[in-house]
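The structure appears below as structure tokens.
Just so it is clear, the structure is predicted and the values come from calculations on it, not from any experiment. A note on names: the letters A, B, ... follow the listed sequences, proteins ahead of strands, and every chain is numbered from 1.
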Protein chains: 2
Amino acid sequence: MNLKPTDSELEILNYLWSEGPSTVRQVHEYLATTKEAGYTTTLKLMQIMHEKGLLERSEESRSHVYAAKVSETETRRGLLDRFVETAFGGSAARLVMQALGNHQASAEELDEIRNLLNNLEKDR
Amino acid sequence: MNLKPTDSELEILNYLWSEGPSTVRQVHEYLATTKEAGYTTTLKLMQIMHEKGLLERSEESRSHVYAAKVSETETRRGLLDRFVETAFGGSAARLVMQALGNHQASAEELDEIRNLLNNLEKDR
DNA sequence: TTTTATCTACGAAATTTTTCGTAATTAAAT
DNA sequence: ATTTAATTACGAAAAATTTCGTAGATAAAA
């Protein structure tokens, strides 16, 4: 499937991935903490996402309940591939290094990454 | 400076970063290998980027020569920050791991990354 | 010199994404 | 029972991005 959600769509997906199936109201409340936008804007976005197959919904109750229909990791992989390509000229290593340089990561996370590195070298 | 080049703009920046100051013609020839678009489209894009301050240009010769005015690393940092935020919910570690999992990296690159990890833990 | 090709500037069309207003419906509150 | 509030559907406006056509200028070729 050709997945490339827009930025707005991604905000919604992030919420649904972490909070599970939710109503437009819930999503909107959350988005409202960050940005200014009317309720119908969020509604419309989610309806479009539903048409596109990004979300599924239950119409049991009057307030429809939406859930992400695309997987978190699949979607992120697609986004990452594109991003590595367009923003880092295809070099994942460059991206990784800049990411580690810019951002804070906990000791545990660093350990995890180190393990991953070891496995990658082993499988070579 | 508030840098968030669009995807098309990024393609052009990538070229200029790697090839140095170039004419619209050169950039266009390159882009044409990838996608369909008329010459004036590329021209217009670069003119807009010039207005925005993303590019500078010399008008010495009839064919203007454009160069990136924003730095590669600065721009990439900005893009990466935003990307970590929107696509990976703020977790750089998650991004790093997925990037390493998805993409091929050479042994040398893996070593570089390992060194970086060591330094990060030392400075903690 | 005349013609042909190339380039810039510019406006505007086309496309994509985001935003909102309105009407109709349903549920809840009074 | 009536009113008030919340919800969906829908169209369309607004904004941002991308694309292109045309006119005018300059250089190169014939």
Whole-Å distance separating the CZ atom of A/Arg25 from the P atom of C/dA27 | 17 Å
From the options D/dT19, C/dA9, D/dA9, select the nucleotide whose nearest atom is closest to the side chain of B/Leu45.
-> D/dT19
Rounded distance in Å - NZ (B/Lys52) to C1' (D/dT17) | 8 Å
Could you list the protein-to-nucleotides 11-16 of chain D atom pairs, N/O on both sides, closer than 3.5 Å?
{"residue": "D/dG11", "atom": "N7", "partner": "A/Lys44", "partner atom": "NZ", "Å": "3.3"}

A/Thr23 side chain vs A/Gln26 backbone, donor-acceptor pair below 3.5 Å | yes
Test side-chain contact (heavy atoms from CB on, under 4.5 Å) on A/Lys44 and A/Thr41 and set out the steps.
-> CA-CA 5 Å; A/Lys44 181 67 169 186; A/Thr41 300; 5.9 Å; no
Whole-Å gap separating P (D/dC10) and NE2 (A/His64) = 11 Å
Could you tell me the separation between the CD1 atom of B/Ile48 and the C1' atom of D/dT19, rounded to a whole number of Å?
-> 10 Å
Any idea which of D/dT7, D/dT18, D/dC20 is nearest the B/Ala37 side chain?
-> D/dC20
Would you call the rings of A/His50 and A/Tyr66 parallel, tilted or perpendicular if under 30° counts as parallel and over 60° as perpendicular?
-> perpendicular
To the nearest Å, give me how far apart CG (A/Asp7) and P (C/dT17) are.
-> 10 Å
Counting any heavy atom closer than 4.0 Å, what does A/Glu9 reach on the DNA or RNA strands: base, sugar-phosphate only, or nothing?
-> nothing
Decide side-chain contact (heavy atoms from CB on, under 4.5 Å) for B/Ile12 and B/Met46; before the verdict, give the C-alpha distance in whole Å, the side-chain angles of both, and the deciding distance to 0.1 Å.
-> CA-CA 8 Å; B/Ile12 292 173; B/Met46 291 176 74; 3.8 Å; yes
Which whole-number value in Å describes the distance from B/Lys35 NZ to D/dT17 P?
-> 14 Å
Ignoring backbone atoms, establish whether A/Gln47 has a side-chain N or O less than 4.0 Å from OP1 or OP2 of D/dC10.
-> no
Provide, to the nearest angstrom, the distance between the OH atom belonging to B/Tyr66 and the P atom belonging to C/dA9.
-> 6 Å
On DNA chain D, nearest-nucleotide positions of B/Tyr39 versus A/Thr23: which is more 5'?
-> A/Thr23
Between B/Arg57 and C/dC7, is there a side-chain N or O to OP1/OP2 distance below 4.0 Å?
-> no
Go through B/Glu19 and B/Tyr30 one step at a time and tell me if the side-chain contact (heavy atoms from CB on, under 4.5 Å) criterion holds.
-> CA-CA 11 Å; B/Glu19 302 301 320; B/Tyr30 171 71; over 6 Å; no
Please write out each protein N/O paired with an N/O of nucleotides 28-30 of chain C under 3.5 Å, distance rounded to 0.1 Å.
none

From NE2 of A/His28 across to P of D/dA6 the rounded distance in Å is 12 Å
Scan B/Thr41 against the nucleic acid and name what it touches under 4.0 Å (heavy atoms): base, sugar-phosphate only, or nothing.
-> base
Treat primed atoms plus P, OP1 and OP2 as sugar-phosphate and everything else as base, then score nucleotides 21-30 of chain D 5' to 3': B for base contact with protein heavy atoms under 4.0 Å, S for sugar-phosphate contact only, - for none.
-> BB--BBS---
